[in-house]
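Working notes for the structure below.
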Amino acid sequence: MLVYLTAECCGYPISIFFIVVNEFCERFSYYGMRAVLVLYFRYFLLWDDDLATSIYHAFVALCYLTPILGAIIADSWLGKFKTIIYLSIVYAIGQVTMAISTIHDITDANRDGTPDNFTFHIALSMLGLILIALGTGGIKPCVAAFGGDQFQEHQSRQLNTFFSVFYLCINAGSLLSTLITPVLRAQECGIHTQQQCYPLAFGVPAVLMVISLVVFIAGSGMYVKTDPEGNIMWSVCKCIGFAIKNRFRHRSSSYPKREHWMDWANEKYDKLLIAQIKMVLKVLFLYIPLPMFWTLFDQKVSICHFSGLLGGLPDQMQTVNPILILTLVPIMDRLIFPLIQKCGLNFSPLKRMTVGMLFAAMAFVSAALVQIEIDKTLPNFPSSSESQLKVVNTYSTTLNVTISPNEHLLIESFGVQLHTSKHTYSTISCMFVNGYTADLNITNLDSIEPSATTNYTLVNQGKRDFVLRHGEQWCEFSRKFGFGASYTFLIPSTVFSDDCESITEVEDMKPNSVHMALQIPQYFLITTGEVMFSVTGLQFSYSQAPKNMKSVLQAGWLCTNAVGNIIVLIVAELGKLPKQWAEYLLFASLLVAVSIIFSIMAYFYTYIDPAEIEAQVRKEQGLEPEEMEKETLEMEEKDEDQKNEQGVKQTKI
Ligand SMILES: N[C@@H](CC(=O)O)C(=O)NCC(=O)O
């Protein structure tokens with residue numbers, strides 16, 4: 001038996017330090033790149049919103065599917081240490097490729113500030129993204145499991161704390177990068193022309209990934225490294241296949257039943273392998289309902305109605321989650337869970353996960369209630385059989401407009417009339433209407449021709465100044481904008497003679513009157529749910545996995561997230577309910593139903609100590625652990641030669 005003597009600090013293996021720093025840098029790299037990815041698609045590659053979000057979601061889903069590949073490589077071939085190193089190199093190359101793809105000067109031959117060969121930039125960035133997805137997903141199940149491997153049996157308390165600290169590092173990396181990379185992007189840089197600095201915004205995450213790799217390699221001498229026991233995944237598949245085949249062959253009622261269907265592999269496969277497969281299958285079965293949690297969790301941004309809560313932009317709202325995680329994980333670990341334990345309650349991991357799901361469901365109920373309040377303040381939008389017509393009178397007197405044989409609108413001079421009709425009219429909407437006799441230039445907008453309108457332009461909340469110009473003439477006006485409101489400004493022909501005084505403001509949509517603080521419970525509930533569900537799930541997946549399949553079970557856990565992401569994509573394609581609050585309630589009800597199913601499954605789950613079971617099976621077989629490993633390898637070789645399965649041999653009992 002191999003005994004590792006690891007250097008410790010305060011009861012923790014020192015090697016853990018390298019692993020958590022590595023995770024911090026890697027998550028910085030990943031979330032930093034993600035924070036500017038959609039902006040890059042929209043404003044650099046000039047993709048439309050739909051294409052940009054679809055590719056973004058496909059990329060995120062891929063990142064959560066590749067862990068299976070990483071886990072197979074680690075547990076069956078290279079071991080976790082080498083897998084992390086090789087796939088981190090692939091990851092870093094991907095980040096560098098991505099950063100290079102954002103340098104507009106590479107193809108900007110005519111030096112007009114925009115790339116001339118979009119195909120080149122698209123191809124390079126897609127290659128970069130595929131490498132990143134392979135790297136980040138591939139190492140993900142290995143790093144957490146490798147961290148767990150560093151602990152000895154007597155360090156089980158420290159092991160649980162490790163997973164919490166690991167989660168804190170993920171969120172510290174995510175928080176910093178989500179704050180920093182959008183700022184880097186907003187800088188201007190370039191060789192021939194100065195443009196938004198995407199190369200810096202993607203370059204810094206690439207540097208962080210290289211640092212992550214260097215830190216990981218630096219700890220090399222201190223790690224506990226376990227080599228894979230042959231091609232375990234292949235053995236698992238063959239063993240399961242044989243159990244199914246053998247069960248089918250002995251389907252007649254004359255054969256005695258066996259306790260578990262995997263016991264039908266007893267004739268040919270090692271008892272230890274069968275015991276290990278049983279452990280893994282039991283946990284994977286338990287994971288079946290879990291994607292529903294991620295389906296709700298991945299929509300957390302959409303249940304946060306006002307991006308102005310922290311005075312920031314919608315992109316920066318993504319930082320609320322990691323901030324709350326950084327606060328809630330220590331509170332839960334140090335205060336809430338010990339308190340519950342002191343009260344004599346058994347708050348087991350699966351109970352925590354169920355409660356986490358209920359918290360996420362409550363977040364959606366809370367979002368539905370807020371949405372109902374918001375809906376009360378919104379104007380009546382046309383239904384699917386209606387359309388809305390806006391008529392602007394820039395004439396000097398009141399006008400009578402006939403819009404259908406029987407319907408008349410009276411519109412005062414420089415007035416706006418919104419008219420909803422059961423017939424089909426095209427909607428006319430505008431932000432500025434130019435009633436001046438010549439072209440006008442308005443701050444941050446293109447010039448508007450006489451009697452023309454601008455599109456609705458997004459402006460930030462609060463007081464904003466506008467300057468109107470025509471040749472040498474100009475005037476200035478300012479307005480205060482309420483969050484969620486929409487206005488039309490009517491510019492009369494006298495605009496310069498009265499110094500912008502005569503500009504008329506029409507409120508098309510009222511500002512939000514629902515208090516922003518109402519969304520605090522949503523953030524709080526969904527993040528509390530995440531702490532209970534996600535951190536516990538990470539620990540649970542490690543603790544219930546046999547030694548040689550730790551990465552595989554981590555990958556199974558991450559897969560629940562991938563499936564959740566895919567459900568979000570499918571739901572988005574299938575369409576939405578007419579009322580947003582109804583959709584939130586539907587999701588909440590589904591998650592409550594799923595959490596009830598999960599709690600029933602959890603009730604029948606018996607927690608195990610994989611090491612103990614493995615030792616017990618070995619004892620039953622009268623084998624010392626090292627002999628056992630040798631035996632498994634021999635079995636593997638024998639298995640390869642055994643092409644003819646006709647005569648089932650009893651190799652071991
Ligand atoms: N809370 C998230 C991070 C974020 O959304 O900023 C998290 O911890 N995710 C887990 C991960 O492994 O990235």
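First listed ligand is number 1; within each ligand, the first listed atom is number 1. All heavy atoms count here, side chains included; hydrogens, waters and symmetry mates do not. Just so you know, residue 1 is the first one in the sequence shown, and it goes up from there.
- Protein heavy atom at the shortest distance from atom 9 (N) of ligand 1 is Tyr31 OH, 3.2 Å.
- Looking at Tyr167 against ligand 1, only its side chain comes within 4.0 Å, counting heavy atoms.
- Salt-bridge formation is not detected for the pair Asp75/Lys550: no Lys NZ or Arg NE/NH1/NH2 atom is positioned less than 4.0 Å from an Asp or Glu carboxylate oxygen.
- For the pair Arg352 and Phe337, the cation-pi test (distance below 6.0 Å, angle within 45°) is passed.
- Neither side chain, Arg185 nor Tyr40, offers a donor N or O lying under 3.5 Å from an acceptor on the other.
- For Asn171, a nitrogen or oxygen atom sits less than 3.5 Å from a nitrogen or oxygen atom of ligand 1, counting backbone and side chain alike.
- A distance below 6.0 Å separates the ring centres of Phe163 and Tyr542.
- Scanning all protein heavy atoms for the shortest distance to atom 5 (O) of ligand 1 gives Asn321 OD1, 3.4 Å.
- In this structure, Leu213 and Ile85 approach most closely via the heavy-atom pair CD1-O, 3.9 Å.
- For atom 12 (O) of ligand 1, the closest non-hydrogen atom of the protein is Lys140 NZ, 2.7 Å.
- Relative ring orientation between Phe44 and His121 is described as perpendicular, the plane-to-plane angle rising above 60° on a 0-90° scale split at 30° and 60°.
- Atoms of ligand 1 lying under 4.0 Å from any heavy atom of Pro322, numbered from 1 in the order shown and given with element: 6 (O).
- Counting atoms of ligand 1 from 1 in the listed order, those under 4.0 Å from a heavy atom of Glu530 are 1 (N), 2 (C), 7 (C), 8 (O).
- Protein heavy atom in closest approach to atom 6 (O) of ligand 1: Ser174 OG, 2.5 Å.
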